There are 2 protein chains.
Amino acid sequence: MVSVILPLMADTPGPAEPSLEEQIAAYQREFQGLDPQVERVVSALSRLNRRMNVAYGRQTAELGISNAEWEVLKALVLAGEPYHLGPGDLAKRLGLTPAAMTHRIDRMVAEGLVTRERDETNRVRVIVGITEEGRAKWLEGLRMATVFEGDLLQDLSTAERALLGELLTRLLRRVEDAQPDAGGRLSDLD
Amino acid sequence: MVSVILPLMADTPGPAEPSLEEQIAAYQREFQGLDPQVERVVSALSRLNRRMNVAYGRQTAELGISNAEWEVLKALVLAGEPYHLGPGDLAKRLGLTPAAMTHRIDRMVAEGLVTRERDETNRVRVIVGITEEGRAKWLEGLRMATVFEGDLLQDLSTAERALLGELLTRLLRRVEDAQPDAGGRLSDLD
DNA sequence: CTTGAAGACTTCAGACCTAAACTTCGAAGC
DNA sequence: GCTTCGAAGTTTAGGTCTGAAGTCTTCAAG
């Protein structure tokens with residue numbers, strides 16, 4: 001079976017980077033009292049994500065868009081009918097500031113990926129919609145990502161995939177549930 | 001037991017963001033032929049990483065440095081005696097361009113976190129070293145991260161942590177082994 | 001000894017982000 | 001109806017990254 005990962009990953013973060021094992025050993029050397037088990041999970045998570053983002057970037061580049069732009073298209077599609085969102089919503093979903101969203105929408109409108117119009121019922125609001133071309137690029141990007149992701153998980157059995165998904169979901173819940181009514185104990189940090 | 005995650009995560013990417021379950025359902029709605037099992041793993045990975053980076057950012061901010069700067073300190077410490085690396089090496093390890101590394105080192109030298117000197121045996125090379133203060137900030141950041149990470153994995157048993165680490169390592173291997181002698185089939189993408 | 005080529009780092013221009021100030025519209029109080 | 005406040009977007013200033021061009025050093029060949 002041919003791998004799609006191989007060409008995508010060629011010469012990625014480059015050599016000279018220590019392997020995960022080397023890094024864990026170095027941590028033990030420099031700081032006793034670190035749980036290698038925890039360290040392995042956290043480091044692997046971080047590395048995996050970096051590699052995956054590089055791969056996604058190469059794929060979206062083939063479509064002539066950036067990873068960031070694909071994320072906007074994705075948010076619009078996942079919003080469902082009528083595939084409309086305001087700049088503020090988009091900013092929250094993508095985790096960036098409203099100012100950044102304004103600029104990004106500017107570019108994407110110029111490229112014909114999305115539309116921007118005023119909401120006539122409430123003229124403070126702006127409505128961003130997806131164009132035919134934007135939808136097509138989203139779909140093509142998703143197809144490529146699907147192949148890559150299937151390849152990535154190739155070595156895992158169905159049971160292992162389910163287990164991995166469940167464990168990750170539990171971690172995520174641990175982190176996402178910790179979102180009280182905003183301003184909870186955040187002040188502790190100020 | 002008191003959670004350190006709670007205050008760190010308060011009001012993180014904000015509301016209005018769909019939950020993981022909602023997102024997976026939306027994917028099924030908009031694109032048949034997507035494996036929900038794969039989608040769950042990939043989406044959870046991506047979300048977890050985003051949340052964790054936000055948390056790390058808040059912690060390093062307490063030290064008066066950025067996440068990016070902490071990564072440089074980490075690379076220097078993990079390099080081992082004599083805690084020296086060139087800008088090029090650092091750039092490769094952190095996955096950014098040499099140009100960015102130059103600027104980042106500029107700032108960190110100005111802040112007293114690292115030193116920069118010419119290698120007298122080969123005057124093309126530059127040697128970046130860590131200062132006392134840099135090392136102290138690295139250590140303090142690591143301590144905070146350790147608490148956070150232990151808290152994150154709190155709900156997992158020892159066996160589950162080991163299993164999760166093993167599964168992630170296998171995914172990582174699948175991606176990192178795909179680094180042939182540079183230039184392999186990368187040309188396919190040009 | 002000089003010359004050419006390759007390597008390591010820096011400089012420069014452009015892209016994209018954040019934080020903060022500003023603009024505009026809508027809703028509540030008097 | 002006028003005023004004030006808050007919400008939603010945009011504008012502006014400043015910071016960090018990328019990609020390309022430039023500088024300096026070393027090494028090997030003539």
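Because the structure is predicted, anything quoted here is derived from the model rather than measured. Chain letters run A, B, ... following the sequence lines, proteins first, then strands; residues in each count from 1.
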**Student:** So which protein nitrogen or oxygen atoms get under 3.5 Å of nucleotides 14-17 of chain C's nitrogens or oxygens?
**Tutor:**
| residue | atom | partner | partner atom | Å |
| --- | --- | --- | --- | --- |
| C:dC16 | OP2 | A:Arg107 | NE | 3.3 |
| C:dC17 | OP1 | A:Arg104 | NE | 3.2 |
| C:dC17 | OP1 | A:Arg104 | NH2 | 2.5 |
| C:dC17 | OP2 | A:Arg107 | NH2 | 3.2 |

**Student:** Give, for atom CZ of A:Arg50 and atom CG of A:Leu48, the distance between the pair rounded to the nearest 0.5 Å.
**Tutor:** 11.5 Å
**Student:** Roughly how many Å is it from CG in A:Asp106 to P in D:dT11, rounded to a whole number?
**Tutor:** 7 Å
**Student:** Return the value, rounded to whole Å, for the distance between atom CG of B:Asp89 and atom C1' of C:dG7.
**Tutor:** 13 Å
**Student:** Can you tell me how far C1' of D:dA8 sits from CG of A:Leu90, to the nearest Å?
**Tutor:** 13 Å
**Student:** Take atom CD of B:Glu132 as the centre, draw a 6.0 Å sphere, and report whether it contains more than 12 heavy atoms from other residues, nucleotides or ligands.
**Tutor:** no
**Student:** Does B:Ile105 or A:Pro98 map to a spot on DNA chain C nearer the 5' end, using the closest nucleotide for each?
**Tutor:** B:Ile105
**Student:** Do B:Ile127 and B:Met108 share a hydrophobic cluster, counting only Ile, Leu, Val, Met, Phe, Trp and Tyr and linking them when any side-chain heavy atoms are less than 4.5 Å apart?
**Tutor:** no
**Student:** Would you tabulate the nitrogen or oxygen pairs shorter than 3.5 Å linking the protein to nucleotides 20-28 of chain C?
**Tutor:**
| residue | atom | partner | partner atom | Å |
| --- | --- | --- | --- | --- |
| C:dG26 | OP1 | A:Arg123 | N | 3.1 |

**Student:** Rounded to the nearest 0.5 Å, what separates atom CZ in A:Phe31 from atom CD in A:Glu39?
**Tutor:** 10.5 Å
**Student:** What is the distance, to the nearest angstrom, from the CG atom on B:Asp119 to the P atom on D:dT25?
**Tutor:** 13 Å
**Student:** In whole angstrom, what separates B:Glu111's CD from D:dG15's C1'?
**Tutor:** 12 Å
**Student:** Hey, quick one: are A:Val124 and A:Met101 part of the same hydrophobic cluster, counting side-chain heavy atoms closer than 4.5 Å, chains of contacts allowed?
**Tutor:** no
**Student:** Taking 4.0 angstrom as the limit, do A:Glu160 and B:Arg170 come out as a salt bridge?
**Tutor:** yes
**Student:** Taking atom types as modelled, find out whether A:Glu149 and A:Tyr56 have a side-chain donor-acceptor pair closer than 3.5 angstrom.
**Tutor:** yes
**Student:** Does the pair A:Glu30/B:Arg135 count as a salt bridge with the N-to-O cut at 4.0 Å?
**Tutor:** yes
